[in-house]
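Working notes for the structure below.
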Amino acid sequence: MGPDHPDTLGARHNLAISYSDAGRTQDALELRERVLADHQRLLGPDHPATLSARHNLATIRAIAADIQQPATATGPGLRPPSPPPAPSA
């Protein structure tokens with residue numbers, strides 16, 4: 001099919017998802033950047049598939065940024081630590 005075939009782009013997108021699921025965030029980020037560039041080149045900047053690829057790249061960039069920053073107890077999806085139990089009398 002070749003590197004520019006729509007099915008090839010879809011397969012590369014799916015591979016990026018697998019990288020994300022496996023915790024390979026940097027690999028997922030790099031692959032999604034290439035997938036977006038190819039979508040823009042082949043389909044144009046306003047094609048629905050290009051818009052989806054742009055959204056997917058933004059999502060993995062946000063995940064990568066969260067991974068690089070130290071975790072905080074009040075970040076998304078996290079609860080502050082429970083206070084220690086009160087001493088019993």
Side-chain angles (χ1 to χ4, degrees):
M1 290 187 226
D4 292 341
H5 192 279
D7 289 347
T8 303
L9 290 176
R12 289 176 42 218
H13 167 78
N14 291 339
L15 179 58
I17 292 171
S18 296
Y19 284 161
S20 293
D21 291 346
R24 295 174 58 181
T25 305
Q26 188 61 41
D27 290 329
L29 177 62
E30 292 169 5
L31 185 53
R32 286 188 184 201
E33 287 172 346
R34 291 193 309 266
V35 167
L36 174 59
D38 288 343
H39 273 89
Q40 289 175 331
R41 178 176 55 85
L42 297 167
L43 303 172
D46 298 324
H47 190 278
T50 303
L51 298 176
S52 178
R54 187 175 295 121
H55 171 77
N56 293 335
L57 177 57
T59 300
I60 195 67
R61 282 182 175 158
I63 292 168
D66 285 345
I67 289 171
Q68 292 176 4
Q69 295 177 0
T72 61
T74 58
L78 299 176
R79 288 181 260 158
S82 300
S88 52

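Bear in mind that the values here come from a model prediction, so they are computed numbers and not experimental data. Hydrogens, waters and symmetry mates play no part in the numbers below; they use all other heavy atoms, side chains included.
- Rounded to the nearest 0.5 angstrom, Asn56 CG and Leu29 CG are separated by 12.0 Å.
- Residue pairs meeting the side-chain hydrogen bond (donor to acceptor under 3.5 Å, both in side chains) criterion with at least one member in residues 44-53, sequence neighbours excluded, do not occur.
- Put simply, the side chain of Arg54 does not reach to within 4.5 Å of the side chain of His39, judged on heavy atoms.
- The salt bridge (charged side-chain N to carboxylate O under 4.0 Å, His left out) pairs that include a residue from residues 7-22 are Arg12-Asp38, where partners are two or more places apart or lie in different chains.
- The minimum heavy-atom distance between Ser20 and Ile60, with the atom names listed, is OG-CD1, 3.3 Å.
- Val35 belongs to a hydrophobic cluster with Leu15, Tyr19, Leu31, counting contacts under 4.5 Å between side-chain heavy atoms of Ile, Leu, Val, Met, Phe, Trp and Tyr, direct or through other members.
- Here Met1 is tied to no hydrophobic group at all, with no ILVMFWY side chain closer than 4.5 Å.
- Under the salt bridge (charged side-chain N to carboxylate O under 4.0 Å, His left out) criterion, the residue pairs touching residues 26-35 are Arg24-Asp27, Glu33-Arg61, with sequence neighbours excluded.
- Grouping the Ile, Leu, Val, Met, Phe, Trp and Tyr side chains by contacts below 4.5 angstrom, directly or via other members, places Leu36 with Ile63.
- In this structure, Leu9 belongs to a hydrophobic cluster whose other members, linked by side-chain heavy atoms under 4.5 Å apart, are Leu42, Leu43.
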